[in-house]
Participant: 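Can you read through this structure? Questions will come right after.
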Amino acid sequence: MAEARALLGARVTHAGVTVRVTEVEAYGGAGDPASHAGRGPTPRSAVMFGPPDVLYVYLSYGMHHCANVVVGPEGDAAAVLLRAGEVIDGHAIARQRRGPVPDVALARGPACLGQALALTVADSGTSLRGGPVALRRSHPPASARTGPRVGVSKAADRPWRLWLPGESTVSAYRRSPRAPAR
DNA sequence: ATTCGGATAAGG
DNA sequence: CTTATCCGAATT
């Protein structure tokens with residue numbers, strides 16, 4: 001999970017909007033039943049099996065675009081879902097895409113973040129180094145909180161959701177209604 | 001607290 | 001073909 005932690009505070013820029021990442025969630029490959037890669041490669045998840053520092057975007061529930069950063073070495077199929085962030089540049093453009101929501105909600109939630117940055121499945125597989133989508137890692141965060149993953153029905157209790165403490169752009173924790181009760 | 005939307009993939 | 005899913009908005 002060191003890769004996930006290192007992405008907290010990173011900046012992602014695309015299409016006129018820059019976001020500072022405040023919340024992430026880690027997904028493994030084989031052996032992680034909640035991961036799209038957990039049961040072998042599919043056309044959708046193929047990029048997770050490729051080299052790191054590549055964007056993996058998937059369409060959730062037929063309408064939301066969620067962005068991940070592929071992190072493992074080639075063949076490992078690990079990725080980090082960008083769950084939330086703070087828009088630090090391009091507010092007007094982001095609000096145009098997201099509607100009249102408060103600034104703190106512009107990229108709160110994985111689908112909102114994807115929409116604010118105008119990422120779609122067409123961007124899946126693009127490199128984050130020198131491509132149209134730029135990822136700038138920052139100094140590792142001084143502190144980070146961890147907790148169970150959100151929205152997954154299997155293996156939700158692996159503490160693989162990480163966020164920066166005291167950030168108002170972090171989404172409120174809400175356990176998946178289908179996850180087994182604790 | 002519940003419903004819906006509607007791509008992708010797995011199971012029957 | 002049927003069911004489930006890394007979600008969010010709009011409803012009750």
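The structure displayed is predicted, hence computed values, not measured ones. Each chain gets a letter, A, B and so on, in the order the sequences are listed, and its residues count up from 1.
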Participant: Among dT5(C), dC6(C), dA9(C), which is the nearest nucleotide to the side chain of Tyr61(A)?
Facilitator: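 Selected nucleotide (nearest to the side chain): dT5(C).
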Participant: To the nearest 0.5 Å, tell me how far His65(A) NE2 sits from Ser124(A) OG.
Facilitator: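 Result: 11.0 Å between the selected atoms.
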Participant: Between atom CG in Leu59(A) and atom P in dC7(C), what is the gap in whole Å?
Facilitator: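 Atom-to-atom, Leu59(A) to dC7(C), this comes out as 13 Å.
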Participant: Of the options dC6(C), dA7(B), dT8(B), whose atoms approach the side-chain atoms of Arg44(A) most closely?
Facilitator: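 The listed nucleotide nearest to Arg44(A)'s side chain is dT8(B).
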Participant: Report whether Leu82(A) and Tyr58(A) are members of the same hydrophobic cluster (ILVMFWY, side-chain heavy atoms less than 4.5 Å apart, transitive linking).
Facilitator: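 Not linked; separate clusters.
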Participant: Dot-bracket for DNA chain C: what is it, with Watson-Crick or G-U pairs under 3.5 Å, [ ] where a pair crosses earlier ones, and | for a pair to another strand?
Facilitator: |||||.|||||.
Participant: Using the side-chain heavy atoms of Arg98(A), tell me which of these nucleotides is nearest: dA9(C), dA7(B), dC7(C).
Facilitator: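 Closest of the options to the side chain of Arg98(A): dA9(C).
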Participant: Contact between Lys154(A) and Val152(A) at the side-chain level, heavy atoms closer than 4.5 Å - yes or no?
Facilitator: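 They are not in side-chain contact.
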Participant: Enter the distance from Arg161(A):CZ to Arg149(A):CZ here, rounded to the nearest 0.5 Å.
Facilitator: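 Going from the CZ atom of Arg161(A) to the CZ atom of Arg149(A) covers 12.5 Å.
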Participant: Separation of Glu23(A) atom CD from dC7(C) atom P, in whole Å?
Facilitator: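 So the two atoms are 11 Å apart, to the nearest Å.
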Participant: Would you kindly give the CG-to-P distance between Leu82(A) and dC7(C), to the nearest whole Å?
Facilitator: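 Atom CG in Leu82(A) sits about 14 Å away from atom P in dC7(C).
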Participant: Just the rounded figure in Å: distance from P of dC7(C) to CZ of Arg108(A).
Facilitator: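 Rounded to the whole Å, the gap is 16 Å.
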Participant: Which of these nucleotides, dA9(C), dA9(B), dG6(B), is closest to any side-chain atom of Met63(A)?
Facilitator: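 In terms of side-chain proximity for Met63(A), the closest of dA9(C), dA9(B), dG6(B) is dG6(B).
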Participant: For the base of dC6(C), is there a side-chain donor-acceptor partner from Tyr58(A) under 3.5 Å away?
Facilitator: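 By the distance-only test, yes, there is a pair.
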Participant: Choose from dG8(C), dC6(C), dA9(B) the nucleotide whose nearest atom is closest to any side-chain atom of Pro110(A).
Facilitator: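 Nearest listed nucleotide: dG8(C).
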Participant: Do any side-chain nitrogens or oxygens of Ser60(A) fall under 4.0 Å of OP1 or OP2 in dT5(C)?
Facilitator: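 No, because none of the side-chain N or O atoms of Ser60(A) sits under 4.0 Å from OP1 or OP2 of dT5(C).
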Participant: Of all the choices, dC6(C), dA10(B), dG5(B), which nucleotide is nearest to the side chain of Arg39(A) once you look at every atom?
Facilitator: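 My answer, after comparing the listed nucleotides, is dA10(B).
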Participant: Look at the side chain of His64(A) against the base of dG5(B) and say whether a donor-acceptor pair falls under 3.5 Å; ignore hydrogens and angles.
Facilitator: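 Per atom types, the contact qualifies.
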Participant: Is any side-chain heavy atom of Val87(A) closer than 4.5 Å to a side-chain heavy atom of Asp103(A)?
Facilitator: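 No, their side chains stay 4.5 Å or more apart.
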Participant: Taking atom C1' of dA9(B) as reference, at what distance in whole Å does atom NZ of Lys154(A) sit?
Facilitator: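 Rounded to the whole Å, the gap is 11 Å.
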Participant: Which part of the nucleic acid does Leu81(A) contact within heavy-atom distance under 4.0 Å: base, sugar-phosphate only, or nothing?
Facilitator: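 Base contact - Leu81(A) has a heavy atom under 4.0 Å of at least one base atom.
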Participant: Show your working on side chain to side chain contact (heavy atoms under 4.5 Å, CB included) between Arg137(A) and Asp53(A) and close with a plain yes or no.
Facilitator: CA-CA 11 Å; Arg137(A) 285 175 218 264; Asp53(A) 280 358; 2.3 Å; yes
Participant: Using a cut-off of 4.0 Å on non-hydrogen atoms, how would the nucleic acid contact of Ala34(A) be classed: base, sugar-phosphate, or nothing?
Facilitator: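 Here Ala34(A) touches the bases of the nucleic acid.
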Participant: Separation of His36(A) atom NE2 from dA7(B) atom C1', in whole Å?
Facilitator: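 From His36(A) NE2 to dA7(B) C1': 11 Å.
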Participant: Under 6.0 Å from the CZ atom of Arg145(A), do we count more than 12 heavy atoms belonging to anything else shown?
Facilitator: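 For Arg145(A), atom CZ is not crowded (no more than 12 foreign heavy atoms under 6.0 Å).
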